[in-house]
Undergrad: 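This is the structure, below, for whatever I ask next.
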Amino acid sequence: MQTVESQPLTTTDTWPADVRELFDSIEHAFPPILQRRKLPRTPYKRQGSLELAGETVAIYSRDANMWTVGFITSRRIDSNQRGLLRILSPDGVERTLRCRVIRSREIRPGWFDVGVEFPTEEAFAESQILNN
C-alpha cells in the first residue's frame with residue numbers, strides 16, 4: 001500500500017482504470033438517496049488490503065463510518081469471515097483493524113462489493129471522516 005507522502009488521501013487517479021470505472025458505475029447506479037443503510041456512511045476512498053486466513057487481497061474502499069467500511073475487491077469473500085483490514089485512517093496513519101465480513105456480493109464479473117464491521121468503535125471517529 002502506498003504511503004501518505006506518495007498518494008494524496010483523496011485521489012483515485014493512481015488506481016487501475018477498471019477500478020475507477022467500476023466506482024463510477026456504482027455511484028451512478030446507487031445514488032445516495034437510494035441507500036438503504038441503517039447508519040449513513042461518508043465517502044472514504046482509500047486503497048488497502050484485507051487479510052483473511054493468511055491470504056491478502058487488495059481492496060478499494062468506497063465509504064466508511066465508525067463501525068463499518070465498504071469496499072470493492074476482485075476476490076470472492078464469504079460473509080462472516082474474520083480478518084485484518086489495513087488502510088490509511090483519516091489522519092493519514094496506516095491502521096490494521098480487526099474486522100468481520102458482513103456482506104459480499106458480486107457486482108460485475110470478477111468484482112465484489114464487500115462490507116466489513118469492526119468489533120468496537122476502534123476504526124474511525126466520524127468527525128475525522130467528515131473533516132477529511
Undergrad: Sort and list the pairs that fulfil salt bridge (charged side-chain N to carboxylate O under 4.0 Å, His left out) and have at least one residue in residues 67-77, not counting sequence neighbours.
TA: Glu55-Arg75, Arg76-Glu106
Undergrad: With sequence neighbours left out, write down each residue that passes side chain to side chain contact (heavy atoms under 4.5 Å, CB included) with Ile102, or none if nothing qualifies.
TA: Thr68, Arg100, Glu117
Undergrad: Identify, with sequence neighbours excluded, every residue that meets salt bridge (charged side-chain N to carboxylate O under 4.0 Å, His left out) alongside Arg108.
TA: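 By the salt bridge (charged side-chain N to carboxylate O under 4.0 Å, His left out) rule, Arg108 matches Glu21.
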Undergrad: Show the nearest heavy-atom pair for residues Ser89 and Arg95, with the distance to one decimal.
TA: CB-CG, 3.4 Å
Undergrad: Between Val69 and Phe118, does a side-chain contact (heavy atoms from CB on, under 4.5 Å) hold up when you go through it step by step?
TA: CA-CA 9 Å; Val69 170; Phe118 306 104; 3.6 Å; yes
Undergrad: The criterion is side-chain hydrogen bond (donor to acceptor under 3.5 Å, both in side chains); which residues satisfy it with Gln81, sequence neighbours excluded?
TA: none
Undergrad: Counting N and O atoms only, with roles assigned by atom type, does the side chain of Ser104 sit under 3.5 Å from a partner on the main chain of Ile77, one being a donor and the other an acceptor?
TA: yes
Undergrad: Taking ring pair (Phe, Tyr, Trp, His ring centres under 6.0 Å) as the test, write out the residues that go with Tyr60, two or more places apart.
TA: Trp15
Undergrad: Going by salt bridge (charged side-chain N to carboxylate O under 4.0 Å, His left out), name the residues that satisfy it together with Arg82, two or more places apart in sequence or in a different chain.
TA: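 In terms of salt bridge (charged side-chain N to carboxylate O under 4.0 Å, His left out), with neighbours along the sequence ignored, Arg82 is linked to no residue.
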Undergrad: Rounded to the nearest 0.5 Å, what's the gap from CD on Glu51 to CG on Leu85? Could you check?
TA: 11.0 Å
Undergrad: Taking only residues two or more places apart in sequence, or in another chain, which ones meet Ser74 in a side chain to side chain contact (heavy atoms under 4.5 Å, CB included)?
TA: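 Counting only residues at least two positions away or on another chain, Ser74 forms a side chain to side chain contact (heavy atoms under 4.5 Å, CB included) with Trp111.
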Undergrad: Measure the spacing between CZ of Arg98 and CG of Leu84 and express it to the nearest 0.5 Å.
TA: 9.0 Å
Undergrad: Can you list everything that forms a side-chain hydrogen bond (donor to acceptor under 3.5 Å, both in side chains) with Asp78? Sequence neighbours excluded, please.
TA: none
Undergrad: Using 0.5 Å steps for rounding, measure from the OG atom of Ser61 to the CG atom of Leu50.
TA: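 With rounding to 0.5 Å, OG (Ser61) is 12.0 Å from CG (Leu50).
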Undergrad: Would you give the length of the straight line joining atom CD1 of Ile87 to atom CZ of Phe71, rounded to the nearest 0.5 angstrom?
TA: 8.5 Å
Undergrad: Please report the interatomic distance CZ(Arg62) to NZ(Lys45), rounded to the nearest 0.5 Å.
TA: 9.0 Å
